[in-house]
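All remarks here apply to the structure that follows.
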Amino acid sequence: MGIAVAVLLDFPNLNLKEYAVVNGVIDIPYIPGLLAFREAPLMIKAYERLRCEADLIVVDGHGVTHPREFGVASHVGLILNRPTIGVAKGLLYGDIVKGDDEVEYIIVNNKVGGLVYPHQGKKLYISIGHKISIKSLKAITPKLFKSHFLPEPTYIADAISKNFRRSRW
DNA sequence: GCGACAG
DNA sequence: ATCTTGTCGC
């Protein structure tokens, strides 16, 4: 069994409006590159529980910066037919190349798939998931943060997940 | 063959 | 991811 949390935030304030916690069976083991097959179904179930049409879905993990250019963020975006981006704490696939704008981009098969986002002394790897351009990704990324290391949607979902696990034990 | 390897 | 003490940096 596993759980998934989906949160709905307003923009640009990033205040929590709604959230949903779901649980279900997770039988597939974690295999790098195949994360979506393990995590996507519950994530989708949680999102659908919100009964909303989000302008952007922020997903834990990578999007096109993936060996098959199709990480969990792309997977979720395609199924839900919504724009998605992936946010990861480590690089899975791709080459880091610094652009003329001094931003480090993640290149996959000669295409720009994402960027490295330096933040609070560390780095986050932000990638295109589905239905978003690198230009929009670059523009929206700084607007997803409040005062935490993780983007606000991720931080809030994480916090709810931890509380839920604690009260449930 | 060896190393690397999102969560 | 999870288990866990002390330590480092802002």
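Letters A, B, ... mirror the listed sequences (proteins, then strands); counts begin at 1.
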Within 45° cone and under 6.0 Å: A:K122 NZ/CZ vs A:F149 ring: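 Checked: cation-pi criterion met.
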
Side-chain donor-acceptor pair present, A:K146, A:N15, cut-off under 3.5 Å: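 Note: A:K146 and A:N15 side chains meet the donor-acceptor criterion.
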
In a check of side chain to side chain contact (heavy atoms under 4.5 Å, CB included) between A:S74 and each of A:I85, A:V64, A:V59, which one passes?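 Among A:I85, A:V64, A:V59, the one that satisfies the side chain to side chain contact (heavy atoms under 4.5 Å, CB included) with A:S74 is A:V64.
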
Can you tell me how far [atom2] of [N] sits from [atom1] of [X], to the nearest Å?
X      : N     : atom1 : atom2 : answer
A:D60  : B:dG7 : CG    : C1'   : 8 Å
A:Y30  : C:dA1 : OH    : C1'   : 9 Å
A:R68  : B:dC5 : CZ    : P     : 16 Å
A:F37  : C:dA1 : CZ    : C1'   : 19 Å
A:K122 : C:dG9 : NZ    : P     : 13 Å
A:L35  : B:dA4 : CG    : P     : 21 Å

Does the plane of the ring in A:Y125 sit parallel, tilted or perpendicular to the ring in A:H62? Use 30° and 60° as the thresholds.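 It falls in the tilted class, 30° to 60°.
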
Base-pair map of DNA chain C as dot-bracket, where | denotes pairing with a different strand and pairs are Watson-Crick or G-U under 3.5 Å: ..........

Measure the spacing between CD of A:E18 and CZ of A:R49 and express it to the nearest 0.5 Å.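 Interatomic distance, A:E18 CD to A:R49 CZ, rounded to 0.5 Å: 13.0 Å.
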
Check every strand shown and say whether [X] touches a base, only sugar-phosphate, or nothing at a heavy-atom separation below 4.0 Å.
X     : value
A:G86 : nothing
A:G71 : base
A:I28 : nothing

Pair pattern of DNA chain B in dot-bracket, where unpaired bases get dots and | marks partners in another strand, Watson-Crick or G-U under 3.5 angstrom: .......

